[in-house]
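Let me begin by presenting the structure, written as structure tokens, before commenting on it.
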Amino acid sequence: DGGITQSPKYLFRKEGQNVTLSCEQNLNHDAMYWYRQDPGQGLRLIYYSQIVNDFQKGDIAEGYSVSREKKESFPLTVTSAQKNPTAFYLCASSIWVKNTEAFFGQGTRLTVV
Amino acid sequence: QQPVQSPQAVILREGEDAVINCSSSKALYSVHWYRQKHGEAPVFLMILLKGGEQKGHEKISASFNEKKQQSSLYLTASQLSYSGTYFCGTESDKNSGGSNYKLTFGKGTLLTVNP
């Protein structure tokens with residue numbers, strides 16, 4: 001079955017540690033996105049990528065980093081510089097960046113203690 | 001900049017209608033609508049493009065007023081399954097200085113349908 005897979009579903013880390021969230025898609029989509037979801041804040045865009053080896057900062061990129069070495073994969077690293085990393089993270093992909101629907105993964109809930 | 005959604009929350013009885021609004025300060029190229037149930041991924045409902053297009057999906061339809069940079073989602077004869085949080089996502093028109101490659105979402109509208 002085609003889709004987007006995020007892993008793990010739940011992740012716990014100690015403060016000060018970097019952590020990488022996985023996002024893989026087998027839909028052959030060009031564009032991929034990372035969003036952060038906090039209660040009452042909606043979905044806020046962290047990073048997005050239109051093609052391999054290229055990505056753009058979203059609205060809240062500080063403290064995060066990404067890579068796009070393969071079309072299928074778009075991992076997100078939450079660094080120790082992110083001041084409030086505890087949140088629900090959603091990855092999405094679409095055929096092209098504009099004008100097409102986005103498909104979302106099931107999300108990763110990150111808790112930093 | 002996030003589009004603004006209203007109302008923040010609405011409670012309906014089964015069979016009632018609701019309207020959810022989405023507005024932006026930037027000229028828009030398109031508006032997307034998604035529904036998210038608690039603990040699940042957002043699910044696509046529809047896209048509306050610049051040109052004032054109106055679309056429908058079962059008993060859920062939407063309009064896009066590009067002059068006002070607004071979109072409205074209409075839910076008629078609501079069903080229990082309509083409950084969830086509705087998000088609008090917007091892509092800004094390149095001519096307004098925005099990037100029409102960036103999909104930005106509002107804060108969401110929580111819809112609760114009771115029996």
Side-chain angles (χ1 to χ4, degrees), chain A residues 1-7 9-10 21 23-25 27 29-51 54-61 68 74 87-109, chain B residues 1-9 20 22-51 53 55 57 62 64 84-95 98-110:
Chain A
D1 289 337
I4 301 179
T5 302
Q6 289 187 243
S7 61
K9 191 171 182 179
Y10 299 97
L21 281 58
C23 178
E24 303 277 333
Q25 54 97 1
L27 299 167
H29 284 174
D30 297 295
M32 297 187 75
Y33 313 78
W34 273 106
Y35 292 91
R36 169 179 172 144
Q37 188 171 26
D38 297 283
Q41 296 297 318
L43 303 169
R44 291 185 291 171
L45 183 63
I46 305 173
Y47 269 98
Y48 60 106
S49 169
Q50 301 171 39
I51 56 173
D54 184 56
F55 47 83
Q56 310 294 326
K57 290 183 178 180
D59 300 314
I60 56 166
R68 187 85 187 274
F74 192 40
F88 187 56
Y89 291 88
L90 282 162
C91 179
S93 70
S94 63
I95 295 174
W96 187 238
V97 186
K98 60 179 180 178
N99 194 25
T100 55
E101 68 177 279
F103 292 81
F104 284 85
Q106 292 301 309
T108 293
R109 187 166 296 280
Chain B
Q1 189 173 6
Q2 288 182 286
V4 177
Q5 288 186 235
S6 63
Q8 290 184 332
I20 299 172
C22 174
S23 64
S24 174
S25 58
K26 293 184 178 180
L28 299 177
Y29 178 84
S30 68
V31 179
H32 300 220
W33 286 98
Y34 293 77
R35 177 173 62 208
Q36 183 182 32
K37 293 188 178 288
H38 184 69
E40 298 180 8
V43 173
F44 171 78
L45 294 175
M46 65 190 76
I47 292 178
L48 299 103
L49 303 180
K50 187 176 177 179
E53 185 177 358
K55 283 201 165 188
H57 181 265
F64 178 21
T85 301
Y86 289 78
F87 292 99
C88 71
T90 56
E91 293 177 290
S92 298
D93 195 314
K94 213 172 186 180
N95 293 329
S99 163
N100 61 358
Y101 301 132
K102 189 169 82 171
L103 183 57
T104 304
F105 287 92
K107 293 186 177 182
T109 296
L110 177 61

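Values in this document were obtained by computation on a predicted structure and should not be read as measured data. Here is the naming used below: chain letters follow the sequence lines, and residue numbers restart at 1 for every chain.
Looking at heavy atoms from C-beta onward, A:Trp34 lies out of side-chain contact with A:Leu45 at the 4.5 angstrom threshold.
Applying the side chain to side chain donor-acceptor pair (under 3.5 Å) rule to B:Gln2 yields no partners; only residues at least two apart in sequence or on another chain are considered. A:Asp38 is linked by a side chain to side chain donor-acceptor pair (under 3.5 Å) to A:Arg36, A:Arg44, counting only residues two or more places apart in sequence or in another chain.
For A:Leu90, the part lying near chain B is the side chain, with the backbone staying farther off; criterion is any non-hydrogen pair under 4.5 Å. For A:Ala102, the parts lying near chain B are the backbone and the side chain together; criterion is any non-hydrogen pair under 4.5 Å. With a 4.5 angstrom heavy-atom cutoff, A:Gln6 does not touch chain B via any of its atoms. Heavy atoms of A:Tyr35 lying under 4.5 Å from chain B belong exclusively to its side chain. Heavy-atom distances place no part of B:Gln8 under 4.5 Å from chain A, backbone and side chain included.
Chain A forms the most heavy-atom pairs under 4.5 Å with one residue out of B:Ala41, B:Gly106, B:Pro42, and that residue is B:Pro42.
A:His29 contributes atom NE2, which lies 4.5 Å from atom CD1 of A:Ile95 (distance to the nearest 0.5 angstrom).
B:Phe87 and B:Tyr34 have their aromatic ring centers separated by at least 6.0 angstrom.
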